[in-house]
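What follows is a single structure, written as structure tokens, with notes after it.
Just so you know, these numbers come straight off a predicted model, no measurement behind them. Residue numbers run from 1 in the order of the sequence given.
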Amino acid sequence: VCPWNRKFASDSGIFEFRPVNKELDISEAEMMEQDEFSERFGESPLKRIKLKGLKRNAAFLRNKNIV
């Protein structure tokens, strides 16, 4: 959810819309293989960026010294 919109949002109560904790350490993202990505994020919006996009974002964060 967009941080701005989240201020005005309320939980829907619909089971399928519940938040799912999928925390991922940057080093895990950098080392992840396709089968693990598919298993872990196959039902997640992260599947849209694919493993290649996840690794690209992890490299960006690492290069910017954000993590």
Side-chain angles (χ1 to χ4, degrees):
V1 172
C2 167
W4 174 257
N5 291 337
R6 180 67 182 142
K7 290 191 283 188
F8 309 106
S10 62
D11 292 336
S12 73
I14 298 172
F15 180 77
E16 288 82 3
F17 293 155
R18 75 193 184 290
V20 178
N21 186 0
K22 299 270 185 173
E23 289 186 26
L24 180 67
D25 184 80
I26 194 164
S27 58
E28 285 182 90
E30 293 169 330
M31 302 297 292
M32 188 173 285
E33 299 291 331
Q34 183 60 52
D35 59 338
E36 181 184 357
F37 177 83
S38 297
E39 180 181 325
R40 197 161 172 191
F41 300 109
E43 299 296 322
S44 164
L46 279 178
K47 72 179 179 184
R48 184 174 51 97
I49 68 164
K50 301 179 178 58
L51 178 59
K52 181 179 177 180
L54 180 66
K55 288 187 175 201
R56 179 200 62 222
N57 293 350
F60 174 82
L61 294 173
R62 177 84 63 203
N63 290 333
K64 290 291 186 178
N65 293 319
I66 294 175
V67 289

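Residues Ala58 and Glu30 come closest through the heavy atom pair CB-CG, 4.0 Å. Nearest approach of Leu51 to Glu33, heavy atoms of both residues: CD2-C, 3.7 Å.
Note that the CZ atom of Phe41 and the CD1 atom of Ile49 stand 9.0 Å from one another [nearest 0.5 Å]. Here Leu24 contributes atom CG and Leu46 contributes atom CG; the two are 8.0 Å apart, rounded to the nearest 0.5 Å.
Under the 4.5 Å side-chain heavy-atom criterion for Ile, Leu, Val, Met, Phe, Trp and Tyr, Phe60 and Leu54 are members of distinct hydrophobic clusters.
Each of Glu39, Met32, Gln34 was checked for a side chain to side chain contact (heavy atoms under 4.5 Å, CB included) with Glu36, and the lone residue meeting it is Met32.
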